[in-house]
Amino acid sequence: MSEFRKVVKGKELEVKKKESLNEMLWNTVKDHPEKPCVSFYENGNLKSISYADFWGLVEKISKGLIESGVRKGDRVAILSSTRYEWELFDFAIMLAGAIVVPIHTTLSREIVQYILRDSGSKLVVVENKELREKIGDFDVETLEIEDKSSIRDLLELGKESHVDFEKIWKSVKPEDVSSIVYTSGTTGEPKGAVLTHWNWRFNVMSVMSIIPFYPGGPYICYLPLSHVFQRLVFYAGISRGANAVFTVPLKFLDTLRSVKPVAFVTVPRILERVNRGLLENVEKQSRFKRAIFYWARGVAIECGEKMSKGEKFGAGLRLRRFLADKLVYSKIRNTLGLQNIRFICSSAAELRKDLAYMFNGMGIPVIEGYGMTETAAPINLNPLGRFKPGTVGPPIPGVTEAIAEDGEILVKGENVMVGYWNKAEETRKCFTEDGWFRTGDLGEFDKDGYLIFLGRKKLLIALDTGKKVSPSRIEEILLQNPYVSDVLIVGDGKPYIVALIVPNFAFLLDWIEKMSISYDRSKVVTSKSVSGDIEITEVPKEVVENPKVLELYSKVVAEANQKLSEEEKIRKFKLLDRTFTIERNELTPTLKKRTHIIIDRYRDLIAALYPS
C-alpha cells in the first residue's frame, strides 16, 4: 500500500448513466437542433453551423470514411491547426468507432512519422499541402481538408452510403478507446496516452458541475485541438449546446472584440502578454494617466486578494473599486471585448499571483486549473466563487488526489487513461501497485484542500550541495518585474543557480532610447502576438551585451534575490537576444518551455556562468 502525506477527495459526482461522446453529441442535437454549434470566419464574415447541420455533416463524413475502409478500432490521425473542420473529423472518426490520433502541427517530420508509425494510423486527415510535407514518404493514406474536391467526394460517398450508421455509432461503448493523444514531450520522447470515451465524458460532467456553459453561449476556440485542454472544453461546450467560435491566435483579440464571448480557455503566457500590452500602452500615456492606471491596478490587486479569501470589501475599498472601474477597468474590458465574460480558465502552467488578483479585481474572472494528457485534461480546478491564486484548486468532483511521501502528486479517478500505447513497461511504472496514477509532478495541499503545484519532479533542481530548488518560484518572482519577459532557471548538479533572461524588449528599447544608447535598429525583429499587438521578438546582440543594460538587469536580479532563500538566489545571469518560440522547438504547442531543448541550445552560455 502507498503511504501519503495527505489525501484529498473531490466532491461526489452524480452519474446517472455512463455514455460515449457519440451519445453526448446526439443528445445535444436532439435537445438543441437549431442552436449554433460552431462559428467561424469565412471571407471576413462570421458564419455558423447549427447542431442539426453539424450532425448532418459529421454523419456524411463518417459514412464516407466507413465506405473508404475505416473500421472500428482503426487509428486515424488528424494533422491540422485548430479549425471547425478538425472537430467535424474528430466526431466523424469516433462515430465510425475508430480512434483519433491528434498530431501537433509544430512537431518535426521525424516526430510526426514516429507517431504515425507507433500508433499504426491507416489514414491521416491533414490540413494542407504544407503540413503534408511533414508526413514525407511515410506509407499512409491522406485526406486533405483544404482540397475541396477530395472533401466533396468524401461527402458524396457518405451521402450515397447505405451502411447502418445508427447501429455503428451506437455500438461504441463508453469504455471503448476514443483517442490516443501523444504527450507534448517537454522531457523526452512522446508517449501515446490511451483515452476512452468515458475518460472524456467523465471530465466533461465533472467540469460542468463547476463552470457550466449554456445553450447558444459563445466561447472562443483557438488553442491547439491536438492538445487535451482545448479539446475537452469543446466537448464540454457540446454537452451543453454552447457555440464554439473558431479563430486563429493572431486574430484572437479581434475575435474577442467582435464576439464578446462568455468564456474561453488560455495559458498563462497569453495573459502575461495581455498584461504586458497594457503596461506598454500605459507607459506611452501622460504622467497623470499613468498614475491613475497604477493606482487602479493596486486597487484591483487588493480586491482580488480579498475575493480569494472570501472576505467582504469595506466601504472605502468599495468606493475605490467603483471609481477605478469607471476610470480604468470598464475601459479595459471594453477594449478587450470582455463585457460578457463569465470565466477565463488558465492552465498548462502557473499564472503569476499578482496577475490573477489583478484580472479578478478588474471584473475579469480568471481561474486556474491543473491537468494532464493522461487524465483527459483537468484534475483540479478553482471554483469561480472561491479562486485562490498560487493554487490550481481542489480535485474536481469524482477525483481523489494524494501527495506521496516524496511530494509527488498521485491521482485516482475515471478520467485516468488506460495506459500508454505500445508501452507496457512505461504504463506499469506510471501506476502504483494499488492503482494510483503517478503524475510526475510535485505538489502540496493548503488547509482548504487546494493543490499548490510545485513543478515537474524531473525539473526540480538538485544543487551539488544536496539542496533542492524549485525553479518555478524563482521564475515567478523575476517575472513580476516589467523588464523581464521570460526566464529559465538552471543549476542542476551545479554549485549555484543561474538564469537565462529574455528581456521585455519593448521596455528595454524604450529605456535605451532615454539613455541615448545607440544600436542597429534594422536588426530589431517584430511579429504580431496573440494579444493582437506587435511584439519585439529579437534585438541585436549589442543591446543585451551593453554594460549599462547589464547594470540595469543586475539591479533587477538583486531585487528578486531579496525575496529568495540563499540556495534560491541567482548568482549569475545571461541576457538572451531573442524570445523562446514554438518554431524553434523551445516551447510546446501550449507554450510550456521545453527546458531540455533550451538548455542544450544555450549550453555554452550556461557553461560560461560556472567556474571551469
Side-chain angles (χ1 to χ4, degrees), residues 184-188 267-269 272 346-356 368 370 372 389-392 403 406-409 439-444 451-481 483-504 553 556-576 579-581 585-588 590-603 605-610:
S184 301
T186 54
T187 56
V267 293
R269 281 178 179 272
E272 287 162 6
S346 175
S347 191
E350 184 180 352
L351 178 65
R352 282 166 39 196
K353 295 185 189 71
D354 62 321
L355 294 188
E368 294 180 80
Y370 161 70
M372 302 182 71
T391 81
V392 290
I403 304 299
D406 65 353
E408 184 175 7
I409 303 165
T439 64
D441 291 329
L442 298 171
E444 61 187 22
L451 181 68
I452 300 169
F453 178 77
L454 298 176
R456 289 293 292 169
K457 195 174 178 181
K458 287 183 179 179
L459 298 181
L460 195 67
I461 294 172
L463 298 172
D464 68 1
T465 59
K467 295 283 187 180
K468 291 188 177 179
V469 174
S470 173
S472 57
R473 170 176 147 75
I474 306 172
E475 290 176 6
E476 181 185 357
I477 289 171
L478 259 181
L479 286 168
Q480 289 175 7
N481 192 294
Y483 282 90
V484 178
S485 176
D486 211 337
V487 61
L488 182 75
I489 300 300
V490 181
D492 202 46
K494 301 294 184 181
Y496 50 79
I497 294 295
V498 301
L500 298 180
I501 298 173
V502 178
N504 180 332
Y553 279 87
V556 169
V557 170
E559 183 182 310
N561 278 341
Q562 291 177 6
K563 303 173 185 177
L564 298 169
S565 65
E566 278 305 306
E567 59 267 19
E568 291 175 319
K569 285 187 184 341
I570 301 162
R571 305 299 176 181
K572 295 184 180 181
F573 68 91
K574 186 70 177 178
L575 298 182
L576 303 183
T579 58
F580 301 136
T581 67
N585 205 29
E586 295 158 333
L587 301 176
T588 71
T590 52
L591 305 181
K592 293 179 187 174
K593 288 192 288 287
R594 281 195 166 106
T595 301
H596 64 295
I597 297 286
I598 298 170
I599 288 175
D600 183 62
R601 182 156 293 155
Y602 293 103
R603 61 184 178 276
L605 284 181
I606 294 168
L609 297 173
Y610 291 102

Tell me, do [X] and [Y] make a side-chain contact under 4.5 Å, heavy atoms counted?
X    : Y    : value
K593 : D486 : yes
E476 : K353 : yes
L451 : I403 : yes
K574 : I501 : no
R601 : H596 : no
L460 : S470 : yes
R269 : L587 : yes
I570 : L478 : yes

Between [Y] and [X], is the closest basic N to carboxylate O distance under 4.0 Å?
X    : Y    : result
K467 : E566 : no
R473 : E568 : yes
E272 : R352 : no

Are the side chain of [X] and the backbone of [Y] linked by a donor-acceptor contact shorter than 3.5 Å?
X    : Y    : value
Y553 : Y483 : yes
N481 : V556 : no
S472 : G455 : no
E408 : D441 : no
S485 : V502 : no
R603 : D600 : yes

Q | Over 12 foreign heavy atoms within 6.0 Å of NZ, K572 | A |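 Count over threshold, so yes.
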Please set out all donor-acceptor pairs under 3.5 angstrom arising from side-chain atoms of residues 490-499, sequence neighbours excluded.
| unit_1 | atom_1 | unit_2 | atom_2 | d |
| --- | --- | --- | --- | --- |
| D492 | OD1 | A462 | N | 2.8 |
| Y496 | OH | L609 | O | 2.7 |

Q) Measuring from L442:CG to L454:CG, what's the distance to the nearest 0.5 Å? A) 6.5 Å
Q.
Nearest 0.5 angstrom please: Y370 OH to S346 OG, how far?
A. 15.0 Å
Q: Just jot down the side chain to side chain donor-acceptor pair (under 3.5 Å) partners of N585, sequence neighbours excluded, or say none.
A: R594
Q | Heavy-atom closest contact (E368 atom, G390 atom, distance) | A |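 It is OE2-N, 4.1 Å.
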